[in-house]
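Below is one structure, written out as C-alpha cells; comments come after it.
Naming convention: chains lettered A, B, ... in sequence-line order (proteins, then strands); numbering from 1 in each chain.
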Amino acid sequence: MSSDSLASETTAPTLPAGNEAPAKIIPISDAHRHVGERVEFQGWLYNLRKSGKIVFPIIRDGSGMMQCVAVKSNLPEDVFEMLKGLTQESSFTVTGTIRAESRAHGGYELDVTDAKLIQRVSEESPYPITPKEHGVDFLMDHRHLWLRSRRQHAAIRVRHQVIKSIRDYLDSNGFTLVDTPIFTPAACEGTTTLFEVDYFGDEKVYLTQSGQLYNEANAMAFGKVYCFGPTFRAEKSKTRRHLTEFWMVEPEMAYADLEEVKRVAEALVVYIVGRVLEQHEEDLKVLERDPSKLENIKAPFPRMSYDDAVKILQSKGSEIRWGGDFGNADETLLTQDFDRPVIVDRYPTQIKGFYFQPDEQRPELALGVDVIAPEAYGEIIGGGQRIHDLALLDKRLQEHHLPREAFEWYRDLRRFGTVPHAGFGMGVERFVAWMCGLEHVRETIPYPRMLYRTRP
RNA sequence: UCCUCAGUAGCUCAACGGUAGAGCAUUCGGCUGUUAACCGAAGGGUUGUAGGUUCGAAUCCUACCUGAGGAGCCA
C-alpha cells in the first residue's frame, strides 16, 4: 500500500459509533488534567514500537510526549495500518482516552480510538535525525530539525525562562525597557571587532556590540533602563563559549555606583536561577543537569578585588601578572573553590574601556566588575560605574585616540545634568549554558552564528 | 590569525599496505505491553578533493577543501 493511498483513505476518519461529541484538542502537557477523558492530540511521530497486533506510537506536540496504545482489534483496519506504517516525524492527529499508566514515560498513556494522517514522511528521504548518536557537524547542518529533539527542546525552553525571568525581574524593579539601535555609526572601542554593513553605499555603519552608550542617554531620561537584544562581535574566536551573534541584556541606572551594580547583578542572577529550578525540573532532568549545583546559587556571592584575585591566582600557579586580564584557565581557577559565582571588581584602567570611572583612592583602577560563573562557565556579567565628568571623559577619549566629534551626543550627557551612573551587561547564552550544564553555547540559541557557521 | 585533531553507506563507527564491514535508519516478513523494543531478510560505497610512493593505497607522503577542540579576545 502506497503512502498516497494511506493518506487519501484516512482524510475522513470514521467517528466512533453513537452520538459522542468531538474530542477536545489539548496539548500533551495538560494530559494529567484530563485523565479518563476523550481527547485529541495534534503532533508528530517521535518513535514507534510495534508488536504484531499492538503498536505504541509516541507522539510529540511541542508541549510534551505521550505514548499511545493502538490495538488492532479495537480500531478500524485502515487506522491501525496507518499507525503501524508511520515513519519518524510523520504528522498525524490521534484521538483516545487518557489513562494513568506506570509503564509509560510520564505516567500517562492514550488508548487510541481514532487517528488521522496529515503527512507521512516518505521512505525515499526519511527523517535524518535518528534516535541514535550523531556528530556535531551533522546536527548543526540540521539545526532546523535538531530543535525537535528532546535535549535541544529542553535547552531552548530553559532559554525562554531565563529571558522571561530577566524581564520579569527588571520590570518589577523599576526598570523600563528602552531599546538601543542595532546599526551604529561608530565603534564603541575600536572597529576591529565589529561587523561592517554597507549603508546605501555612502556611509559605513556597524552592527552593535553593546547598547551601553545609548543606555547611558536613556538612563538620564528614564532613571533605570535596560536594553535587550542581539549583539554582534566579529572576533575570529572559536571556542565553546563564543558566538558571533548573541543576546545580551544591559541594565543601566542613573544615580548608581559600583556597589549598586554588584547588588543588582547578584539579585538578578539569584532570581533567574530560582525560577529555572522552580519551573524547569523536567527539562533539567532531560539535560541531565544536577540541580544541586544550582540550588546553592544564593546571595551573597563571594566578592574580591582584582588585586586579591591576582594574588589568589598566583598562589594557585597561574602565570598572570598584575595588569593582565584573566584567561579562561584563570577564571576556572578563581571559581573552583566556590559553589556560586564570584564577583571581582576594580580592574586596572588599561584593560578596561575608556568610559569607566576611576577609583577615587587609586586612579590606576577602574570601577569595573565582572561576575564569573562557577563550573568553568566563565564571565557571565561585565559592567561598572561610568565616567560622569566631562573633562575626564575628554581626557580618556584622547588617550584612546577616539574622535571627539563622533562622541558629541555622548558628551552632552555630561553637559546637561550629569550624575554618577552605572550598569552592566549579561550574556544570555552563557547563562543558559550554565543553567543547562551544556558543554557549548551553540545549543542555547535556536540558530547559532559562529565563525564557520551561518547556516541554516 | 596560530596550534592540535578528524573526514569511509543517509547517520555513528570498524577495517591501519593485500577481496570495504557492523549497528541504527529505510523496505519486506514475524510477534497483543513495547521502553534507543526484539527476531529474520533485502537494498544501500568514485573511502573529502587533487597529485605522489608502491606490484597493490581507505591505510604511507604532499597540497588543498570542510569541520571540530583549544589559544589570543570576549558576554
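Closest to the A:His440 side chain, of the nucleotides B:rG69, B:rU34, B:rU26, is B:rG69. For A:Met248, whose side chain is taken as the heavy atoms from C-beta onward, the closest listed nucleotide among B:rG69, B:rU27, B:rA75 is B:rA75. Relative to the side chain of A:Leu243, the nucleotides B:rA75, B:rC73, B:rG69 differ in distance, and B:rA75 lies closest.
Using atom P as the reference point in both B:rU62 and B:rU46, the two lie 27 Å apart (nearest Å). When the P atom is used for both B:rA36 and B:rU1, the distance is 45 Å, rounded to whole Å. Nucleotides B:rA57 and B:rC38 place their P atoms 40 Å apart, quoted to the nearest Å. Nucleotides B:rA22 and B:rG51, compared at atom C1', are 33 Å apart to the nearest Å. Nucleotides B:rA58 and B:rC2 place their P atoms 32 Å apart, quoted to the nearest Å. Atom name P, nucleotides B:rC64 and B:rU4: the rounded distance is 14 Å, in whole Å. Straight-line distance between the P atoms of B:rU59 and B:rA15: roughly 14 Å, to the nearest whole Å. If you take atom C1' in B:rG44 and the same atom in B:rA6, they sit 25 Å apart, rounded to whole Å.
Atom OH of A:Tyr452 and atom P of B:rG69 are 12 Å apart (whole Å). Between A:Ile129 atom CD1 and B:rU12 atom P the separation is 11 Å, expressed in whole Å. A:Met450 places its CE atom 10 Å from the P atom of B:rG67, with the value rounded to the nearest Å. As a whole-Å value, the separation of A:Arg233 CZ from B:rG72 P is 17 Å. For the pair A:Arg49 CZ and B:rC38 P, the computed distance is 10 Å after rounding to whole Å. Between A:Leu83 atom CG and B:rU34 atom P there is a gap of 19 Å when expressed in whole angstrom units. One atom, CH2 of A:Trp434, and another, C1' of B:rA75, lie 14 Å apart when rounded to the nearest Å. Rounded to an integer number of Å, the gap from CD of A:Glu235 to P of B:rA71 is 14 Å.
Taking the six-membered ring where the residue is Trp, the centroids of A:Phe228 and A:Phe175 are separated by 6.0 Å or more. Ring pair A:Phe407/A:Phe354: centre-to-centre distance below 6.0 Å. Annotation: A:Phe92 is not in aromatic contact with A:Trp44 [ring centroid separation under 6.0 Å not met].
Salt bridge status for A:Asp345 with A:Lys262: present, with a side-chain N to carboxylate O gap under 4.0 Å. Taking the charged nitrogens against the carboxylate oxygens, A:Glu331 and A:Arg241 do have a contact shorter than 4.0 Å, which makes a salt bridge.
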Taking N or O atoms only and anything under 3.5 Å, show me the protein contacts with nucleotides 30-32 of chain B, one pair per line.
from   : atom 1 : to      : atom 2 : distance (Å)
B:rC31 : N3     : A:Gly52 : N      : 3.2
B:rC31 : N4     : A:Gly52 : N      : 3.4
B:rU32 : OP2    : A:Lys53 : N      : 3.3
B:rU32 : O4     : A:Ser73 : OG     : 3.3

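Residue whose closest nucleotide on RNA chain B sits further toward the 5' end, between A:Leu139 and A:Asp325: A:Leu139. Between A:Lys236 and A:Trp247, the residue whose closest nucleotide on RNA chain B is further toward the 5' end is A:Lys236.
The base of B:rC74 sits with one of its N or O atoms less than 3.5 Å from a complementary donor or acceptor on the side chain of A:His242. Contact of A:Ser237 with B:rG72 (side chain to base): a donor-acceptor pair of N or O atoms is detected under 3.5 Å. Side-chain atoms of A:Asp137 stay outside donor-acceptor range of the base of B:rC11, with no qualifying N/O pair under 3.5 Å.
Between the side chains of A:Gln67 and A:Glu109, at least one donor-acceptor pair of N or O atoms lies under 3.5 Å. In this structure, a donor-acceptor pair under 3.5 Å is present between the side chains of A:Gln212 and A:Tyr355.
Within the structure, a side-chain polar atom (N or O) of A:Arg453 is placed less than 4.0 Å from OP1 or OP2 of B:rA68. Taking only side-chain nitrogens and oxygens, A:Asn47 never comes nearer than 4.0 Å to OP1 or OP2 of B:rA36. Residue A:His134 has no polar side-chain atom (N or O) positioned under 4.0 Å from OP1 or OP2 of B:rG10. A sub-4.0 Å separation between OP1 or OP2 of B:rG69 and a side-chain N or O of A:Arg442 is present.
Residue contacts shown for A:Asn328 include a base, since a base heavy atom lies under 4.0 Å away. No engagement by A:Arg455 is indicated, since no non-hydrogen atom pair under 4.0 Å with the nucleic acid exists. Base engagement by A:Phe246 is indicated by at least one non-hydrogen atom pair under 4.0 Å involving a base atom. Among the atoms of the strands shown, none is found under 4.0 Å from any heavy atom of A:His142. Here A:Glu429 lies out of heavy-atom contact (under 4.0 Å) with every strand.
Contact annotation: the side chain of A:Asp141 approaches that of A:Arg453 to within less than 4.5 Å [non-hydrogen atoms, C-beta and beyond].
Across all non-hydrogen atoms, the minimal contact from A:Thr208 to A:Pro230 is CG2-O, 3.8 Å.
With A:Leu243 as the fixed residue, the side-chain contact (heavy atoms from CB on, under 4.5 Å) test singles out one of A:Arg233, A:Arg449, A:Glu429: A:Glu429.
In this pair, A:Phe56 does not lay its aromatic ring on the base of B:rG33; centres under 5.5 Å and planes under 30 degrees do not both hold.
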A:Arg99 vs A:Glu37, salt bridge (charged side-chain N to carboxylate O under 4.0 Å, His left out): CA-CA, chis, key distance, verdict: CA-CA 8 Å; A:Arg99 173 171 45 77; A:Glu37 293 173 31; over 6 Å; no

Watson-Crick and G-U pairing of RNA chain B, under 3.5 Å, as dot-bracket with | and [ ]: (((((((..((((....[..)))).(((((.......))))).....(((((..]....))))))))))))....

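Every side chain to side chain contact (heavy atoms under 4.5 Å, CB included) that A:Gln119 has, sequence neighbours left out, goes to A:Ser91.
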